[in-house]
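Working notes for the structure below.
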Protein chains: 2
Amino acid sequence: MDTTEKKRGTGRKKVPIEKIESSSQRYVTFSKRRTGLFKKASELCILCGAEIAIVVFSPREKVYTFGNPSVDSVVDRFLNQHNHMNALEHDHLQQQKQFIEVSKQLEAEKKKEVIIENLKLSGWDAPIDSLQLYELQQMKQALVQVKKKVVEEFL
Amino acid sequence: MDTTEKKRGTGRKKVPIEKIESSSQRYVTFSKRRTGLFKKASELCILCGAEIAIVVFSPREKVYTFGNPSVDSVVDRFLNQHNHMNALEHDHLQQQKQFIEVSKQLEAEKKKEVIIENLKLSGWDAPIDSLQLYELQQMKQALVQVKKKVVEEFL
DNA sequence: TCAGCTATTTATAAGAT
DNA sequence: TATCTTATAAATAGCTG
């Protein structure tokens, strides 16, 4: 124990809160203090049940994050509740509305398409100029069937 | 100076890092530590030139933020650069694809609807059972017209 | 709930490894 | 550059008003 030669003269010194000019020293400080910051955040979460998201860009442009329960959940909650409605979400809702509208139209149109199909099945595709009385009568029968189907299905 | 009656027995005690049960005590701690956290963040920004965003939801659901240069700028930078493609953006793209798909279908369907309209204009709506030869011939003419229109327009 | 006041616990600047 | 050590600067728990 008694190593009389304890190292002397070292120890923390007061540091002014201003930009650290030495880049190596700056990075050491960044690393230490980032660790401390995240630890404090973690303690605050545990002690008080808080939800916290932290995003840090280092002086070297690297990104570090802390999140409880997760960065995303906290950020989303912030963007929403804060009524902050960013452009992305706004577009998103607009598109949802448009999508629903268009889907409804499409459904309506598809019913109509069945009519076309029935007409084709009934021989509507035949060259009309060559129709004779007999064919006209056949066509009448076909139309009767088509109309019946259509009436049953849509009217 | 020498006020011999200094207050005794007070002072910090070690606190275990676990949820504080007393809600009043919890809030006091939250308030103090949140202030400390934001101060640390501020110092880190100044000392090291970092960019930081912090979002905190208190146990009472209130939101507090710290941002340098601003919460928004840091969060945006995070969401974008991190290639993080969050759920929101993902949904957004999915919906865009669906929307384009459905829009194409709708356009196709609308062309077909014109056929229906032409049929109606040509007297297709008349009661078919009462059609006589004359009417059948009229109808033939109508169909010729319809077919011509349809061919011109769609084929 | 929030602001001061200590007595302590923590965080951390320097230096060494 | 990352960690460990040590002395000191800071943060903060428990009180009081």
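Chain letters run A, B, ... following the sequence lines, proteins first, then strands; residues in each count from 1. Given the structure is predicted, the values throughout are model-derived calculations rather than measurements. Only this structure's heavy atoms are used, side chains among them; waters, hydrogens and symmetry mates stay out.
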Taking the side chain as every heavy atom from C-beta outward, state whether [X] and [Y] have any pair of such atoms under 4.5 Å apart.
X: A/V71; Y: A/F66; answer: no
X: A/R60; Y: A/Y27; answer: yes
X: A/V56; Y: A/F38; answer: yes
X: B/V74; Y: B/I52; answer: no
X: A/S70; Y: A/V75; answer: no

Could you tell me the separation between the [atom1] atom of [X] and the [atom2] atom of [N], rounded to a whole number of Å?
X: A/I17; N: C/dA11; atom1: CD1; atom2: C1'; value: 13 Å
X: A/F38; N: C/dA11; atom1: CZ; atom2: C1'; value: 16 Å
X: A/L44; N: D/dA11; atom1: CG; atom2: P; value: 15 Å
X: B/E21; N: D/dA13; atom1: CD; atom2: C1'; value: 17 Å
X: A/L47; N: C/dT9; atom1: CG; atom2: P; value: 17 Å

Verdict with reasoning, A/F30 to A/Y64, per ring-ring contact (aromatic ring centres under 6.0 Å, His included): CA-CA 11 Å; A/F30 174 78; A/Y64 299 85; 5.8 Å; yes
Residues passing the salt bridge (Lys or Arg N to Asp or Glu O under 4.0 Å) test with B/E61, sequence neighbours excluded, are A/R77
Residue list, salt bridge (Lys or Arg N to Asp or Glu O under 4.0 Å) with A/R33, at least two apart or on another chain: B/E43
Just jot down the side chain to side chain donor-acceptor pair (under 3.5 Å) partners of A/S58, sequence neighbours excluded, or say none. none
Evaluate B/V63 against B/T65 for side chain to side chain contact (heavy atoms under 4.5 Å, CB included), listing each step before the verdict. CA-CA 7 Å; B/V63 65; B/T65 65; 4.3 Å; yes
Which angle, to the nearest 10 degrees, lies between the helix axes at the two ends of the helix from C/dC2-D/dG17 to C/dT17-D/dA2, each defined by five pairs? 40°
Start with the C-alpha distance between A/S42 and A/N68, add both sets of side-chain angles, then the distance that settles side chain to side chain contact (heavy atoms under 4.5 Å, CB included), and finish with yes or no. CA-CA 8 Å; A/S42 166; A/N68 175 270; over 6 Å; no
Residues in contact with DNA chain D, drawn from residues 25-33 of chain B - heavy-atom cutoff 4.0 Å: B/T29, B/K32, B/R33
Under 3.5 Å, which N/O atoms of the protein pair with N/O atoms of nucleotides 8-10 of chain D?
residue, atom, partner, partner atom, Å
D/dT8, O4', A/R12, O, 3.4
D/dT8, O3', A/R12, O, 3.4
D/dA9, O4', A/R12, NE, 3.4
D/dA9, N3, A/R12, NH1, 3.3

Which residue lies more 5' along DNA chain D, comparing A/S23 with B/G36 via nearest heavy atoms: A/S23
